[in-house]
Amino acid sequence: MVSRLPRSESKMYKFLTLVIVLLWSNVAFANEIYIEQVGDTLDLDITQDGTDNEFGDGTADAILTGDDMTFAITQTGNTNKIDATIKGNDYTGTWVFTGSNNEVDLTCAKAGGTNCEDVTVNITTTGDDNTFDIFIGENADAEDLTASFTVTGDNNIFINNIDGESVNLVVTMDNSASNVATSANSDEGNKITIDVDGNGNANGHEILLDITGGGGTVDITQSGVGDNKVDLDMTGESFDVDISQTD
């Protein structure tokens with residue numbers, strides 16, 4: 001004899017099954033990676049595709065410790081997050097992001113005795129409403145930093161805080177509208193904050209910016225003994241630019 005649930009209980013069972021499946025599906029979209037690594041000559045490649053992906057966060061680890069490190073990450077999708085700390089002298093990184101509402105928090109040289117002495121990093125992003133916080137050196141006199149940031153999209157925020165002896169920074173940003181007044185979103189311009197500290201040694205510091213699109217905000221502060229150079233090329237309207245250089 002086959003027992004059957006009453007009609008009302010059968011409907012409730014199917015409803016609960018559907019809820020469980022939907023809940024599982026929502027969780028399945030998120031890819032999370034947490035790494036705590038110690039050792040030299042690390043070669044790490046990470047690719048995440050989807051929504052709500054994480055490589056580290058404010059409470060879980062994404063800490064890479066060691067010299068001669070190569071770390072590349074590609075994230076495709078929206079509302080992804082990176083919160084990573086690199087503790088080492090030599091680091092090469094290639095980061096590629098496609099999507100909107102993503103967050104990146106990168107810190108290099110947060111431990112005593114490691115100065116991020118030779119750093120090459122290339123970051124490319126395509127999308128809107130992304131936030132990037134990049135901290136290199138942390139009062140540790142990072143040497144020979146070469147960084148290239150290419151951003152295509154609207155209302156992106158780029159914050160760079162660099163303590164180094166020879167900084168070569170190239171930033172290329174492109175808004176979708178050349179004139180912010182023609183856009184329905186008057187706040188679509190990208191925002192750039194660059195703070196470079198430390199003596200420029202024989203090579204000095206050099207910041208090159210090529211910005212297209214209206215409504216952008218640019219704040220640049222350079223300080224330290226040595227040659228400091230800012231080369232800014234802007235196309236568009238309604239920019240707000242502040243530059244401060246001190247020896």
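Values below: every heavy atom of this structure, side chains too, minus hydrogens, waters and symmetry copies. For this chain, numbers begin at 1 and follow the sequence in order.
Taking 4.5 Å as the limit, some side-chain heavy atom of Leu42 sits within range of a side-chain heavy atom of Gln37. Considering only heavy atoms from C-beta on, Phe97 comes within 4.5 Å of Val104 through its side chain. Using a 4.5 Å heavy-atom cutoff, the side chains of Asp154 and Asn156 are not in contact. Between Met234 and Val241, some side-chain heavy-atom pair lies under the 4.5 Å cut-off. Contact check for Ile162 versus Leu145: side-chain heavy atoms found under the 4.5 Å cut-off. Counting heavy atoms from C-beta on, the side chains of Asn80 and Ile82 never come closer than 4.5 Å. In this structure, Val171 and Ile192 have side chains that are in contact, with non-hydrogen atoms separated by less than 4.5 Å. Residues Asn160 and Phe135 form no side-chain contact, since every pair of their non-hydrogen atoms from C-beta on lies 4.5 Å or further apart.
Counting all heavy atoms, side chain and backbone alike, Ala62 lies closest to Gly56 at CB-CA, 3.7 Å. Of all the heavy atoms in Gln48 and Gln75, the pair that sits closest is OE1-NE2, 2.7 Å. Closest of all the heavy-atom pairs between Ala84 and Phe55 is CB-CE2, 3.9 Å.
Both Leu209 and Ile136 belong to a single network of hydrophobic side chains, linked directly or stepwise wherever heavy atoms of I, L, V, M, F, W or Y lie under 4.5 Å apart. Taking hydrophobic clusters as Ile, Leu, Val, Met, Phe, Trp and Tyr residues chained together by side-chain heavy-atom distances below 4.5 Å, Ile46 shares a cluster with Trp95. A continuous path of Ile, Leu, Val, Met, Phe, Trp and Tyr side chains, each step under 4.5 Å between heavy atoms, connects Leu232 with Val151, placing both in one hydrophobic cluster.
Here the NZ atom belonging to Lys81 is positioned 5.5 Å from the CD atom belonging to Glu54, to the nearest 0.5 angstrom. The distance from atom CG of Asp83 to atom OG1 of Thr107, rounded to the nearest 0.5 Å, is 7.0 Å. Note that CG of Leu44 and CG of Leu64 are 6.0 Å apart. Values are rounded to the nearest 0.5 Å. Atom-to-atom distance recorded for Leu208:CG and Asn168:CG is 6.5 Å, nearest 0.5 angstrom. Considering CG of Leu169 and CD1 of Ile207, their distance stands at 5.5 Å, rounded to 0.5 Å. Rounded to the nearest 0.5 Å, atoms CG (Asp163) and CG (Asp197) are 5.5 Å apart.
With sequence neighbours excluded, the residues forming a ring-ring contact (aromatic ring centres under 6.0 Å, His included) with Phe158 are Phe132, Phe149, listed by chain and number.
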Q. After noting the C-alpha distance and the side-chain angles of Thr120 and Asn122, does the key distance pass the side chain to side chain contact (heavy atoms under 4.5 Å, CB included) rule?
A. CA-CA 7 Å; Thr120 300; Asn122 296 290; 4.3 Å; yes

(Q) Run Glu36 and Tyr34 through side-chain hydrogen bond (donor to acceptor under 3.5 Å, both in side chains) and show every step you take. (A) CA-CA 7 Å; Glu36 187 168 359; Tyr34 308 105; over 6 Å; no

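Applying the 4.5 Å side-chain rule to ILVMFWY residues, one finds Ile157 in the same cluster as Ile159.
In terms of modelled atom types and a separation under 3.5 Å, the side chain of Asp210 and the main chain of Thr172 share no donor-acceptor contact. In this structure, the side chain of Asn190 engages the main chain of Gly153 through a donor-acceptor pair within 3.5 Å. Judged by distance alone, with hydrogens and angles left aside, the side-chain atoms of Asp67 form no donor-acceptor pair with the main-chain N or O of Gly88 at under 3.5 Å. At distances below 3.5 Å, at least one donor-acceptor pair connects side-chain atoms of Asn102 with backbone N or O atoms of Thr79. A distance-only check finds a donor-acceptor pair linking the side chain of His205 to the backbone of Val167 [under 3.5 Å]. Checking side-chain atoms of Gln222 against main-chain N and O of Asp195 turns up no donor-acceptor pair under 3.5 Å.
A donor atom on one side chain and an acceptor atom on the other are not found under 3.5 Å apart for Asn89 and Asp118. Side-chain polar atoms of Asp128 and Asn155 form no donor-acceptor pair below 3.5 angstrom.
Of the residues Asp40, Asp90, Ile86, the one that meets the side chain to side chain contact (heavy atoms under 4.5 Å, CB included) test with Met69 is Ile86.
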